[in-house]
Amino acid sequence: MKKIISLVLSVLLVSVFVTGCSKKPAAINDGFVLVSGGTYKMGSNDIRVPWGYYDHPEHEASVSDFYISPVLVTQKDFEDLMGYNNSFYQGDDKGKVVQEGEDQALRPVEKITWYEAIVFCNKMSAKMNLQKAYYMKTSDSEESYDESTWGNPPDKSSEKWNSIGWNKDANGYRLLTEAEWEYAARGGAETQFNSAGFNYDDDDVNDFCWNDKNSKLRTHQIKLKKPNTLGLYDMVGNVWEFCWDWFDEDYYTKQAASEPDACGPSTADFRVVRGSAWDDYDVSLSYVSRGSSSPHLSSRRVGMRLARSVPVNKKAKKNKAKKSN
């Protein structure tokens, strides 16, 4: 009898051990879209607008798999997590009020700085029990992922806040790189049209984008326009979106722009914004249009969208590297 009990316990222990070792990470129920990575032609050689040279030249870019939110961060999302909402488009002023039939809380958050966007990402990661992606350098050898120790986001450029770094192995929330943003806006495929299948010179641009012709010069509730082929809403129009990258107007002319998972220069004065806004005219509505914003300044034309990295199997990656050598 003792032998039977001992055998049963042994089987149970082995079962628990095997199950525990092979158990996959729990799925993150946030509705994000998995984008399969690839190589594509980024930018354009066609000068559409006076500032179009920022988009030049067209060059090869490649990105790894990543997750992206199908929608912009809303005012409700931001206020629920941060405890405040400084968005311009709220209130009783006629130019600010929500369009009839739309929900104020579901308009995109704007009038936030890049610094605030980074704090929001870390707070959302903590809320979802994910590893925070961003840290601040507290010394040459120390990094703090605890945004509560960083102090309040400053209203002027800060060496301390500009030292914020990105742990690319973290599975928490983050901003898209510029290369990821354009790849997703294109639907993950190279095309002369946007991934929704229309040309921005065509009349049906209004079916997909809030712009100066149909927005009544204000933001609008998310998901009211058609999505692109990946199911992503408002990738163009409504508000510009902060990216991780520092902005360099000549970046596309440099070899670094074609490196795998490129994420901009190491430092600059401005951060990249992509996607156009509610007041942009149709010729500038494009997945290749590049903009910039000081990280400490906010604008009623700029908001944010979240992304997550796909966890990398480091052991498999290491073995693959050994085989290639």
Side-chain angles (χ1 to χ4, degrees), residues 23-38 40 61-82 105-110 112 114 116-134 145 147 166-189 194-196 208 221-245 261 263 272-275 287 302-313:
K23 186 177 180 180
K24 296 181 179 179
I28 301 170
N29 185 24
D30 57 11
F32 279 32
V33 175
L34 174 61
V35 180
S36 297
Y40 72 107
S62 60
V63 297
S64 301
D65 297 352
F66 61 95
Y67 290 98
I68 181 174
S69 172
V71 295
L72 297 161
V73 172
T74 67
Q75 293 184 28
K76 182 182 188 314
D77 295 330
F78 193 85
E79 186 169 10
D80 285 351
L81 192 62
M82 302 288 279
L106 297 182
R107 296 169 90 176
V109 70
E110 24 80 16
I112 57 171
W114 186 89
E116 289 175 289
I118 293 298
V119 172
F120 180 87
C121 288
N122 267 19
K123 283 181 174 288
M124 183 59 73
S125 296
K127 179 180 178 180
M128 297 293 287
N129 295 314
L130 300 177
Q131 184 182 5
K132 295 177 181 180
Y134 298 125
Y145 286 85
E147 71 287 343
W166 168 24
N167 178 1
K168 297 180 181 179
D169 292 327
N171 66 350
Y173 295 99
R174 61 176 178 83
L175 300 176
L176 292 150
T177 67
E178 186 175 12
E180 288 174 333
W181 188 96
E182 186 171 321
Y183 186 74
R186 290 172 178 266
N194 91 318
S195 57
F208 295 86
Q221 178 182 324
I222 61 171
K223 298 183 71 173
L224 292 184
K225 293 298 184 181
K226 293 180 180 178
N228 73 2
T229 53
L230 288 176
L232 310 179
Y233 296 85
D234 296 310
M235 285 298 287
V236 177
N238 220 352
V239 291
W240 289 87
E241 304 171 25
F242 279 120
C243 291
W244 163 257
D245 312 43
D261 294 312
C263 54
V272 170
V273 295
R274 297 295 298 262
Y287 52 75
V302 180
M304 64 183 296
R305 184 185 303 264
L306 297 182
R308 285 191 286 107
S309 298
V310 175
V312 177
N313 185 325

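We use all heavy atoms of the structure for the numbers below, so side chains are in, but hydrogens, waters and symmetry mates are not.
Of the possible donor and acceptor atoms, one in the side chain of D245 sits under 3.5 Å from a partner among the backbone N and O of E178.
Classified by interplanar angle (parallel below 30°, tilted 30° to 60°, perpendicular above 60°), the ring pair Y134/W244 is parallel.
Taking both residues in full, the closest heavy atoms of A133 and G172 are given as CB-O, 4.4 Å, listed atom of the first, atom of the second, then distance. In plain terms, the two heavy atoms of P70 and V33 that are nearest each other are CB-CG2, 4.3 Å. Scanning all heavy atoms of the two residues, the minimum distance from R274 to W240 falls at C-CE3, 3.4 Å. Here the shortest heavy-atom pairing between D80 and K76 reads OD2-NZ, 2.6 Å. When all heavy atoms of A185 and N228 are compared, the closest pair comes out as O-ND2, 3.5 Å. The heavy-atom pair separating Y145 from N122 by the smallest distance is O-ND2, 3.3 Å.
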### Message
Under the criterion side chain to side chain contact (heavy atoms under 4.5 Å, CB included), I'd like the reasoning laid out for V239 against D234: C-alpha separation, chi angles, the key distance, then a yes or no.
### Response
CA-CA 8 Å; V239 291; D234 296 310; over 6 Å; no
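F32 is listed as a side-chain neighbour of L306, based on a closest heavy-atom distance under 4.5 Å.
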Enumerate donor-acceptor pairs with a distance under 3.5 Å from any side-chain N or O in residues 124-131 to protein atoms, sequence neighbours excluded.
unit_1	atom_1	unit_2	atom_2	d
S125	OG	C121	O	3.1
S125	OG	Y173	N	2.8

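Relative to the six-membered ring of Y67, R308 meets both conditions, a distance below 6.0 Å and an angle of at most 45° to the axis.
K226 NZ to F208 CZ: the interatomic distance, rounded to the nearest 0.5 Å, is 5.0 Å.
Residues K168 and D261 are not paired through a salt bridge, judged by the lack of any N-O separation under 4.0 Å between the basic side chain and the carboxylate.
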